[in-house]
Participant: 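Take this structure first; my questions come after.
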Number of protein chains: 2
Amino acid sequence: MSRLAADASVFHAIADPTRRAILDLLREGEQTVSAMFEAIRKRVRKMTQPAFSQHLAVLRGAGLVSVRREGRHRLYSFRFAPLEEVVDWVAHYEAFWSEKLDNLSRYIDRSPKRVKRKGTS
Amino acid sequence: MSRLAADASVFHAIADPTRRAILDLLREGEQTVSAMFEAIRKRVRKMTQPAFSQHLAVLRGAGLVSVRREGRHRLYSFRFAPLEEVVDWVAHYEAFWSEKLDNLSRYIDRSPKRVKRKGTS
DNA sequence: TTGACACATAAGCAATCGATGATATATTAC
DNA sequence: GTAATATATCATCGATTGCTTATGTGTCAA
């Protein structure tokens, strides 16, 4: 029971190109496993269903996706939250960003804790 | 000759916590291998010199650091450029960013090609 | 030139990863 | 009920990773 949750790190989760491709698919909104599976096989790489399912498990472990059951399908959707760790990490290289981007990274640094979605205020 | 350059992907390079710690050290500027090595051993994790050197090799392979020789020392410095791929990737999840951050990601998308350092204009 | 120093590379090994085939679980249809 | 569908998990395996020890290479000092 520890094979899939070995490293729940976001950095590890996004290190794999197939997993990034899955997340990319989910930008279009909720999708069933079979829909994503077909798309990945067609547009990225041939692989078996279990292999694909295990990638989904890694993404779940990292909190990068959430699942909702509907009949015998499972609808996956993308969750941005864990990527905030990545954004924060990249952002603290402030000094190396171009000046315009600097504004952003500064904003991130000042954020309450992490970047939380809140009113425009 | 393929052990260390197996996967030159930035995503892979930053997936390792020790390597992220090394980059973090380099935010303070150029450093010798021994200085970084000591710091990592003290503040992060005990490891041997070759292990450390191999992490540096991965970072070099990803273009995340540059090296300059000075006497018998090697001075490493951080290079932001490869991280732009990460920024770009995260940024294209525009729809999921909070509104303020949205401005930034939009800026990135419109950038010439990648985000290049240029005058404030 | 000999030796110490700073660092990289090589070789070998255990742990982890990602893939596969087989199987389990849950839901719907008949 | 049984069968088909949708997805997850198990067991296993080869490839890759990261570590260690041993050794190589370049530079300074004597």
Side-chain angles (χ1 to χ4, degrees), chain A residues 1-23 25-26 30-41 44-62 64-77, chain B residues 1-23 25-26 30-41 44-62 64-77:
Chain A
M1 65 162 174
S2 61
R3 287 293 311 287
L4 296 173
D7 183 1
S9 153
V10 202
F11 289 97
H12 170 251
I14 66 174
D16 186 275
T18 301
R19 287 194 291 267
R20 288 200 301 279
I22 293 174
L23 294 180
L25 277 178
L26 287 176
E30 252 187 354
Q31 307 215 20
T32 66
V33 173
S34 27
M36 291 187 288
F37 181 46
E38 258 190 83
I40 293 289
R41 274 183 67 95
V44 183
R45 222 177 70 75
K46 305 294 179 212
M47 61 187 336
T48 60
Q49 179 267 322
F52 187 75
S53 192
Q54 282 162 23
H55 280 302
L56 291 179
V58 172
L59 292 174
R60 286 198 308 271
L64 282 165
V65 294
S66 58
V67 202
R68 172 169 85 79
R69 303 188 64 146
E70 186 162 308
R72 48 184 161 182
H73 291 272
R74 299 189 192 197
L75 288 159
Y76 275 75
S77 17
Chain B
M1 66 161 174
S2 61
R3 287 293 310 287
L4 296 173
D7 182 2
S9 154
V10 203
F11 288 97
H12 170 251
I14 65 173
D16 185 276
T18 300
R19 287 193 292 266
R20 288 199 302 278
I22 293 175
L23 294 180
L25 276 178
L26 287 176
E30 252 188 355
Q31 307 215 19
T32 65
V33 174
S34 28
M36 293 187 287
F37 181 46
E38 258 190 82
I40 292 288
R41 275 182 67 94
V44 184
R45 222 176 71 73
K46 305 294 179 214
M47 60 185 339
T48 59
Q49 178 267 322
F52 186 75
S53 191
Q54 282 161 22
H55 281 301
L56 290 179
V58 172
L59 292 173
R60 286 198 308 271
L64 282 163
V65 293
S66 59
V67 202
R68 172 169 85 78
R69 306 187 62 148
E70 185 163 308
R72 46 185 161 182
H73 291 271
R74 299 190 192 196
L75 287 159
Y76 275 75
S77 18

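Residue numbering restarts at 1 for every chain, and letters A, B, ... go by the order of the sequence lines.
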Participant: Which atoms form the tightest heavy-atom contact between B:I22 and B:M36, and what is the distance?
Facilitator: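 Scanning both residues, the minimum pair turns out to be CG2-SD, 4.1 Å.
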Participant: Might you point out which heavy atoms bring A:R20 and A:A15 nearest each other, and give the distance in Å?
Facilitator: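 Minimum heavy-atom contact is NH1-O, 3.3 Å.
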Participant: Please give, in whole Å, the distance from D:dT7 C1' to A:F37 CZ?
Facilitator: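 The distance from CZ of A:F37 to C1' of D:dT7 comes to 11 Å, rounded to the nearest Å.
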Participant: Which atoms form the tightest heavy-atom contact between B:S9 and B:A62, and what is the distance?
Facilitator: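 Closest approach of B:S9 to B:A62: O-CB, 4.4 Å.
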Participant: Report the distance from atom CZ of A:F52 to atom C1' of D:dT9, rounded to the nearest whole Å.
Facilitator: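 To the nearest whole Å, that distance equals 16 Å.
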Participant: Roughly, in whole Å, what's the span from CD in A:Q31 to C1' in D:dA6?
Facilitator: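 Rounding to the nearest Å, CD of A:Q31 and C1' of D:dA6 are 16 Å apart.
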Participant: Examine D:dC19: is either OP1 or OP2 under 4.0 Å from a nitrogen or oxygen in the side chain of B:H55? Give yes or no.
Facilitator: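 Yes, because at least one side-chain N or O of B:H55 sits under 4.0 Å from OP1 or OP2 of D:dC19.
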Participant: From C-beta outward on A:A51, which listed nucleotide comes closest to its side chain: D:dA8, C:dA11, C:dT20?
Facilitator: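 The nucleotide sitting nearest to the side chain is C:dT20.
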Participant: By the 4.0 Å heavy-atom rule, please label B:T18 as base, sugar-phosphate, or nothing.
Facilitator: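 No contact.
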Participant: Just to confirm, is there a sub-4.0 Å distance from OP1 or OP2 of C:dC17 to any side-chain nitrogen or oxygen of A:H12?
Facilitator: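 So the side chain of A:H12 is within the cut-off, an N or O lying under 4.0 Å from OP1 or OP2 of C:dC17.
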Participant: Roughly how bent is the helix from C:dT1-D:dA30 to C:dC30-D:dG1 end to end, in steps of 10 degrees, with each end axis from five pairs?
Facilitator: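 It works out to 10° between the end axes.
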Participant: What's the CZ-P distance between A:R19 and C:dA19, to the nearest Å?
Facilitator: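 Whole-Å distance recorded here is 8 Å.
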Participant: Rounded to the nearest Å, what distance is computed from the CD1 atom of residue A:I22 to the P atom of nucleotide D:dT7?
Facilitator: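 My rounded result for the distance is 13 Å.
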Participant: Verify, without hydrogens or angle tests, whether B:R19 (side chain) and B:I14 (backbone) share a donor-acceptor contact under 3.5 angstrom.
Facilitator: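 Pair absent, no side-chain N/O of B:R19 close to backbone of B:I14.
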Participant: Please name the residue in the list A:V10, A:L26, A:V58 that meets the side chain to side chain contact (heavy atoms under 4.5 Å, CB included) test with A:L64.
Facilitator: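 With A:L64 as partner, side chain to side chain contact (heavy atoms under 4.5 Å, CB included) holds for just one option, A:V10.
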Participant: Can you tell me how far P of D:dA8 sits from CG of A:L59, to the nearest Å?
Facilitator: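 Taking CG of A:L59 and P of D:dA8, I get 11 Å after rounding.
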Participant: Do the side-chain N or O atoms of A:H73 get closer than 4.0 angstrom to the phosphate oxygens (OP1, OP2) of D:dT5?
Facilitator: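 So the side chain of A:H73 is outside the cut-off, no N or O lying under 4.0 Å from OP1 or OP2 of D:dT5.
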Participant: Work out which heavy atom in A:V33 is nearest to a heavy atom in A:Y76; give both atom names and the distance.
Facilitator: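 Between these two residues, the closest heavy atoms are CG2-CE1, 3.4 Å.
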Participant: Looking at every non-hydrogen atom in both residues, tell me the closest pair between A:V67 and A:R60 and how far apart they are.
Facilitator: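 So the minimum-distance heavy-atom pair works out to CG2-CD, 3.6 Å.
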Participant: Both B:A35 and A:D16 contact DNA chain C. Which one's nearest nucleotide lies toward the 5' end?
Facilitator: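 In this pair, the answer is B:A35.
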Participant: Write out all pairs satisfying salt bridge (Lys or Arg N to Asp or Glu O under 4.0 Å) with one or both partners inside residues 64-75 of chain B, taking only residues at least two apart or from two chains.
Facilitator: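 Output for this query lists B:E30-B:R68, B:R68-B:E70.
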Participant: Report the distance from atom CG of A:L56 to atom OG1 of A:T18, rounding to the nearest 0.5 Å.
Facilitator: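 Answer rounded to 0.5 Å: 11.0 Å.
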Participant: If I compare all heavy atoms of B:D16 with all of B:H55, which pair ends up nearest, and what's the gap?
Facilitator: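 Answer, listing the atom of B:D16 first, then B:H55: OD1-CE1, 3.5 Å.
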Participant: On the nucleotide D:dT20, are OP1 or OP2 found under 4.0 Å from the side-chain N or O atoms that B:T48 carries?
Facilitator: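 For B:T48, the contact criterion (side-chain N or O under 4.0 Å from OP1 or OP2 of D:dT20) is met.
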Participant: Provide, to the nearest angstrom, the distance between the CE atom belonging to A:M47 and the P atom belonging to D:dA15.
Facilitator: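 Rounded to whole Å, this separation is 17 Å.
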Participant: Ignoring the backbone of B:S34, work out which of C:dA6, C:dA8, C:dA19 is nearest its side chain.
Facilitator: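 Shortest atom-to-atom distance from the side chain points to C:dA6.
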Participant: Does A:S53 have a side-chain nitrogen or oxygen under 4.0 Å from the phosphate oxygens OP1 or OP2 of D:dT9?
Facilitator: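 Checking D:dT9 against A:S53, no side-chain N or O comes under 4.0 Å of OP1 or OP2.
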Participant: Mind calculating the distance between CD1 (A:I40) and P (C:dA19) to the nearest angstrom?
Facilitator: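 Nearest whole value for this atom pair: 11 Å.
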Participant: Going 5' to 3' through nucleotides 22-30 of chain D, assign each nucleotide B (protein heavy atom under 4.0 Å from a base atom), S (under 4.0 Å only from sugar-phosphate atoms) or - (no protein heavy atom that close).
Facilitator: B---SBB--
Participant: Reckon B:Y76 touches a base, only the sugar-phosphate, or nothing at all at heavy-atom distances under 4.0 Å?
Facilitator: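 Since only primed, P, OP1 and OP2 atoms lie under 4.0 Å of B:Y76, the category is sugar-phosphate.
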